[in-house]
2 protein chains.
Amino acid sequence: MSQPTPGIPRNTRQRAEVLALLEEIDGFRSPQQLHTALRDRGARVGLTTVYRALQVLVEATEVDTMRLPSGEQLFRRCSPTHHHHLVCRRCNRTVEVAGPAVETWAVAVAAQHGFTEVSHTLEIFGCCADCTGAR
Amino acid sequence: MSQPTPGIPRNTRQRAEVLALLEEIDGFRSPQQLHTALRDRGARVGLTTVYRALQVLVEATEVDTMRLPSGEQLFRRCSPTHHHHLVCRRCNRTVEVAGPAVETWAVAVAAQHGFTEVSHTLEIFGCCADCTGAR
DNA sequence: ATGGATGCAAATATTTTGCATTTTG
DNA sequence: CAAAATGCAAAATATTTGCATCCAT
């Protein structure tokens with residue numbers, strides 16, 4: 001009933017390059033943006049590989065993923081503990097924020113309505129200080 | 001500097017059919033699902049028109065939109081006041097929930113980090129009582 | 001050497017747009 | 001009758017998959 005079982009991820013140059021790039025960036029980026037940036041710095045990596053590398057990295061909790069209201073999926077290197085994001089609409093700079101109260105509230109509200117196996121998504125958007133000033 | 005200015009929406013049969021269908025459904029649906037349902041009940045409406053009707057209805061706050069973590073965009077008839085959704089992962093049944101505390105918390109956290117013009121997205125997922133039992 | 005990884009092309013899926021025609025107000 | 005709306009086909013996006021080849025272990 002289970003899938004063929006993936007196998008242990010290997011350490012490849014491409015995967016390392018994707019992660020290295022993410023380490024240097026402070027904000028979410030799309031697979032396209034990451035691919036372009038890698039090309040620009042001379043790293044030869046295919047777009048398909050960027051997608052697959054991101055999947056693996058998300059799976060390994062090395063990278064976080066998120067979607068804009070528009071649906072665009074973005075990725076970012078981040079800490080492994082559960083948290084939410086405060087993202088700048090202009091420059092995509094991101095601050096990780098913890099919301100213990102929100103977590104428990106969500107579970108409580110869900111329980112009140114008979115829901116179990118609760119999970120949630122939460123993103124906060126705004127205009128950061130730098131971008132507000134530079135306006 | 002401004003766009004050609006749209007103009008006032010007109011009342012068309014197709015738009016009415018989309019809204020009528022949404023009135024009968026208790027949960028989020030994709031444009032595709034809505035289009036298929038309309039066809040099945042004999043309403044002749046093009047998929048493109050369903051998309052455009054949904055845009056207009058969302059604009060008029062008659063309909064709410066939301067995305068699954070997978071990125072699928074879904075729509076649902078709902079109340080015009082600000083609220084969040086508690087959605088069943090299995091049947092998509094939806095409960096509107098208010099979260100005043102969350103709203104203020106989001107603004108406060110954002111302000112602490114110098115962010116202005118704050119907005120946020122929040123969705124709660126779980127398995128509803130019916131679906132848990134029928135498992 | 002074995003099987004995961006890569007990269008290209010092609011396939012999918014989703015949403016938008018051009019445009020001639022129809023319909024609303 | 002002017003402008004908005006429709007509905008197709010085609011375009012634009014975004015992401016996935018087939019497959020031969022490559023490379024990490």
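Every heavy atom of this structure was used, including side-chain atoms; hydrogens, water molecules and symmetry mates were not. It should be emphasised that the depicted structure is a prediction, and the values quoted were computed from it without experimental measurement. Here is the naming used below: chain letters follow the sequence lines, and residue numbers restart at 1 for every chain.
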Starting at [atom1] of [X] and ending at [atom2] of [N], how long is that distance when rounded to a whole Å?
X        : N       : atom1 : atom2 : answer
Ile8(A)  : dT25(D) : CD1   : P     : 11 Å
Leu54(A) : dT6(C)  : CG    : P     : 11 Å
Gln32(B) : dT12(C) : CD    : P     : 15 Å
Glu59(A) : dG4(C)  : CD    : C1'   : 16 Å
Leu68(A) : dT13(D) : CG    : C1'   : 15 Å
Gln33(B) : dA13(C) : CD    : P     : 14 Å
His35(B) : dG7(D)  : NE2   : P     : 8 Å
Arg67(A) : dT13(D) : CZ    : C1'   : 13 Å

Original post:
With no angle test and no hydrogens, is the base of dG7(C) tied to the side chain of Arg52(A) by a donor-acceptor pair under 3.5 Å?
Top reply: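 It does, because a donor-acceptor pair links the side chain of Arg52(A) to the base of dG7(C) below 3.5 Å.
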
Minimal non-hydrogen separation, [X] against [Y], with atom names:
X         : Y         : answer
Phe115(B) : Gly126(A) : CD2-C, 3.8 Å
His35(A)  : Leu47(A)  : NE2-N, 3.4 Å
Leu86(B)  : Val97(B)  : CB-CG1, 4.3 Å
Trp105(B) : Gly99(A)  : CZ2-CA, 3.7 Å
Leu22(B)  : Arg77(B)  : O-CB, 3.7 Å
Asp64(B)  : Cys78(B)  : CB-SG, 3.1 Å

Subject >> Any Gln55(B) side-chain N or O less than 4.0 Å from OP1/OP2 of dT15(C) >> reply: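 Result: no.
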
Original post:
OP1 or OP2 of dA5(C) sitting under 4.0 Å from any side-chain N/O of Arg15(A)?
Top reply: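 True: Arg15(A) side-chain N/O within range (under 4.0 Å) of dA5(C) OP1/OP2.
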
Original post:
How far does CD of Glu117(B) sit from OG1 of Thr132(A), to the nearest 0.5 angstrom?
Top reply: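 These two atoms lie 6.5 Å from each other.
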
Original post:
How far does the helix from dA1(C)-dT25(D) to dG25(C)-dC1(D) bend, going by the axes of its first and last five pairs, to the nearest 10°?
Top reply: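 Between the first-five-pair axis and the last-five-pair axis there is 40°.
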
**OP:** Tell me what Gln73(B) touches on the nucleic acid: a base, only sugar-phosphate, or nothing, going by heavy atoms under 4.0 Å.
**Re:**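 Sugar-phosphate only.
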
**OP:** For Thr12(A), report the nucleic acid contact type (base, sugar-phosphate, nothing); a contact means any heavy atom under 4.0 Å.
**Re:**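 Sugar-phosphate: the residue Thr12(A), judged by heavy atoms under 4.0 Å, touches backbone atoms but no base.
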
**OP:** Report the relative orientation of the aromatic rings in His84(B) and His120(B); use parallel for angles under 30°, tilted for 30 to 60°, perpendicular for over 60°.
**Re:**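 Rings of His84(B) and His120(B): tilted, 30 to 60°.
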
Which nucleotide sits closest to the side chain of [X]: [options]?
X        : options                  : result
Pro31(A) : dT15(D), dT15(C), dG7(C) : dT15(D)
Val45(B) : dT15(D), dT16(C), dG7(D) : dG7(D)
Gln14(B) : dC8(C), dT17(C), dT6(D)  : dT6(D)
Arg39(B) : dT16(D), dC8(D), dT6(C)  : dC8(D)

Subject >> Leu47(A) or Arg10(B), whichever maps to the more 5' nucleotide of DNA chain C >> reply: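 Its nearest nucleotide being more 5', the pick is Leu47(A).
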
